[in-house]
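Shown next, in structure tokens, is the structure this report addresses.
Below, chains carry the letters A, B, ... as their sequence lines are ordered, and counting in each starts from 1. The basis for the numbers below is simple: all heavy atoms, side chains too, and nothing from hydrogens, waters or symmetry mates.
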2 protein chains.
Amino acid sequence: MRKKPIQQRARVLVSSLVDAAGDIVVEDGLDALTTVRVAERAGVSVGSLYQYFQNKDELIAALIEQVDSDLIATVDRVAMDALAADPQTFARALLNAAFDAFEARNGLAYELLKHWHRLDIGRGLYRFEQRMLEVLRAYALAHIRDHQVDPSPARAFVVINSVVFTLLRYLSLDAPPLFRRDELLAEMAAMAARLLVAGSPAAQGTGRRKVPGRRSPGR
Amino acid sequence: MRKKPIQQRARVLVSSLVDAAGDIVVEDGLDALTTVRVAERAGVSVGSLYQYFQNKDELIAALIEQVDSDLIATVDRVAMDALAADPQTFARALLNAAFDAFEARNGLAYELLKHWHRLDIGRGLYRFEQRMLEVLRAYALAHIRDHQVDPSPARAFVVINSVVFTLLRYLSLDAPPLFRRDELLAEMAAMAARLLVAGSPAAQGTGRRKVPGRRSPGR
DNA sequence: ATTGAATGCGAATAAACATTCGCACTACGG
DNA sequence: CCGTAGTGCGAATGTTTATTCGCATTCAAT
């Protein structure tokens, strides 16, 4: 942030800018987020925006930060409550929470997550994934005797991303699919629970070859 | 396509434009794809590009079409070969194929898939998903006696998207994760195989509420 | 060889944005 | 009631791009 808002009115201005940005993203998508439009919507001038944000990306980062924090807080709360439950119930609770979180603020998180490959948003996603990993570990620790819970990094990675992105993809379907929301949730919960409980995967690696040259994402 | 290329040189020109587009996407990402740059790279002028493509999106659509066809052809071939195998092996084969396909042409499919929420690319993804669904159904049909294979639409949706997007996310990590590629593959294969074989998910829906108002993606 | 269609060219046009800058208003400690 | 730091303004600037259009070149059938 270029300059810190000192007076009250300045702090209000900054937060209304971030709010306006969120509203615009919800209404017309991230691509429709222009600095002038944000300023207009917030009832201030572009100049003022640049008084407190170095550039547009910094504004987006602030928005992400906000959304991400909410998301993590939600997950934390729900996970705490369900920590004692069996894997099936635990998975269920987290999934419901995830759905709710995606819907919160009119699908703001959903619209943002679509652009996860952008740097700002990617960092938010990464933070979220890390937090989920910790939550799963906490669950494992709490149930080390009851079940053979074992969230290996690879497994956790698969579960977390499978759920998040499948949800994302589901929400993006314009023609409703052949199955109901409940079914989807049930399937995912079952999958997650199974992966949490089951042992190591049956087969061992069918040795693979070359590593792909990964490119850095262009803007 | 605005006008069909009739002469030989025109056909060459069109395909070199699509190739150039692919190269640029691979090198600098989809955002770096400008019409002028494509033309330059193909060794022709922008004007010529617009002779055969109504606009930039149509060019992208042509690229997608190409990539998507390759992808589907690969999946078809591999699935055919593995149709007789057990679920674990079948899943393995498809996963390996998927990895290879993502790496083909220097990660072109990977870079494109990151932008699946764009209309052109979304259609390609949808086609791919549909094809995968058919493949899974074919497998189920072939094994209706051996296993209790049951790819319900919801389940198939979860498996397909989990695999595709988890792979995508994995490839996009800049810092290598704590697990090896083999582990990831093994986990995903196990997951897929389990979902293919297992019965209906344990619990039933914890009835959910409101439907989120879906917005049409910008651009 | 002639000619109309097909092809190819690339400077020019226009629209969309991010960002800046000089000027004016406001708060508030003294 | 001053003065200055903090705040706010929004037209102007510069850049990046998609797309067009009038002119030049090539093809292929007669």
Side-chain angles (χ1 to χ4, degrees), chain A residues 1-21 23-25 27-64 115 118-121 217-219, chain B residues 1-21 23-25 27-64 115 118-121 217-219:
Chain A
M1 208 175 266
R2 171 168 288 180
K3 196 164 62 176
K4 238 176 291 239
I6 294 179
Q7 301 176 5
Q8 178 67 17
R9 60 173 175 159
R11 273 192 299 270
V12 169
L13 187 152
V14 166
S15 84
S16 71
L17 279 172
V18 176
D19 287 347
D23 291 346
I24 291 168
V25 167
E27 280 165 23
D28 292 328
L30 187 58
D31 292 335
L33 193 82
T34 72
T35 51
V36 173
R37 191 170 164 193
V38 169
E40 264 172 7
R41 173 126 197 167
V44 301
S45 117
V46 232
S48 299
L49 190 159
Y50 281 92
Q51 200 80 186
Y52 302 104
F53 297 98
Q54 183 77 351
N55 52 42
K56 188 178 158 180
D57 279 348
E58 213 174 68
L59 172 66
I60 296 180
L63 179 60
I64 294 297
H115 300 262
R118 284 207 193 178
L119 211 44
D120 297 327
I121 298 169
R219 157 97 285 223
Chain B
M1 208 174 265
R2 170 168 288 183
K3 197 163 61 174
K4 239 175 291 232
I6 295 180
Q7 302 176 4
Q8 178 66 16
R9 60 174 175 160
R11 274 192 298 270
V12 169
L13 187 152
V14 166
S15 85
S16 71
L17 278 172
V18 177
D19 287 347
D23 291 346
I24 291 169
V25 167
E27 279 164 25
D28 292 329
L30 187 58
D31 293 335
L33 193 80
T34 72
T35 51
V36 174
R37 191 168 164 195
V38 170
E40 263 172 6
R41 173 124 195 170
V44 301
S45 118
V46 231
S48 299
L49 190 159
Y50 281 92
Q51 198 82 179
Y52 301 103
F53 297 98
Q54 183 77 355
N55 53 42
K56 187 179 158 180
D57 279 348
E58 214 174 67
L59 172 66
I60 296 179
L63 179 60
I64 295 297
H115 300 262
R118 284 206 194 179
L119 211 44
D120 297 327
I121 298 168
R219 152 91 319 196

- Given protein heavy atoms under 4.0 Å, the one-letter contact record of nucleotides 3-9 of chain C, with B base, S sugar-phosphate only and - none, is simply ---SBSB
- Task: Report the C-alpha separation of A:L33 and A:L63 in whole Å, then their side-chain angles, then the decisive distance to 0.1 Å, and conclude whether the side-chain contact (heavy atoms from CB on, under 4.5 Å) test is met.
- Result: CA-CA 12 Å; A:L33 193 82; A:L63 179 60; 5.6 Å; no
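Closest approach of A:R2 and A:Y50 over heavy atoms only: NH1-O, 3.0 Å. When every heavy atom of B:D120 is checked against every heavy atom of B:I64, the shortest pair comes out as O-CG2, 3.9 Å. For A:E58 against A:Y52, the heavy-atom pair with the smallest separation is OE1-O, 4.0 Å. Between B:L49 and B:T35, the shortest heavy-atom distance links the atoms CD1-O, 3.7 Å. Listed here is the closest heavy atom pair of B:I60 and B:R118: CD1-NH1, 4.1 Å.
We find that CG of A:L30 is positioned 13 Å from P of C:dC17, with the value rounded to whole Å. To the nearest angstrom, P of C:dT19 lies 13 Å from CZ of A:F53.
Summary for the helix from C:dA1-D:dT30 to C:dG30-D:dC1: the axes at its two ends, each from 5 pairs, differ by 0° when rounded to the nearest 10 degrees.
Within a heavy-atom distance below 4.0 Å of DNA chain C, the residues of residues 33-42 of chain A found are A:L33, A:T34, A:T35.
When DNA chain D is scanned in the 5' to 3' direction for atoms under 4.0 Å from non-hydrogen atoms of chain B, the outermost contacting nucleotides are D:dT17 to D:dC27.
Residues in residues 37-47 of chain A take part in these side-chain hydrogen bond (donor to acceptor under 3.5 Å, both in side chains) pairs, two or more places apart or across chains: A:E27-A:R41, A:D28-A:R37.
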List the atom pairs, with distances to 0.1 Å, where a side-chain N or O of residues 5-20 of chain A and a protein N or O form a donor-acceptor pair under 3.5 Å, not counting sequence neighbours.
unit_1	atom_1	unit_2	atom_2	d
A:Q7	OE1	A:R9	NE	3.1
A:Q8	OE1	A:R11	NH2	3.1
A:R11	NH1	A:I6	O	2.8
A:S15	OG	A:V12	O	3.3
A:S16	OG	A:V12	O	3.4
A:S16	OG	A:L13	O	2.8

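Between B:V38 and B:K56, every side-chain heavy-atom pair lies at or beyond the 4.5 Å cut-off.
Taking side-chain N and O atoms only, A:Y50 has a distance below 4.0 Å to OP1 or OP2 of C:dT19.
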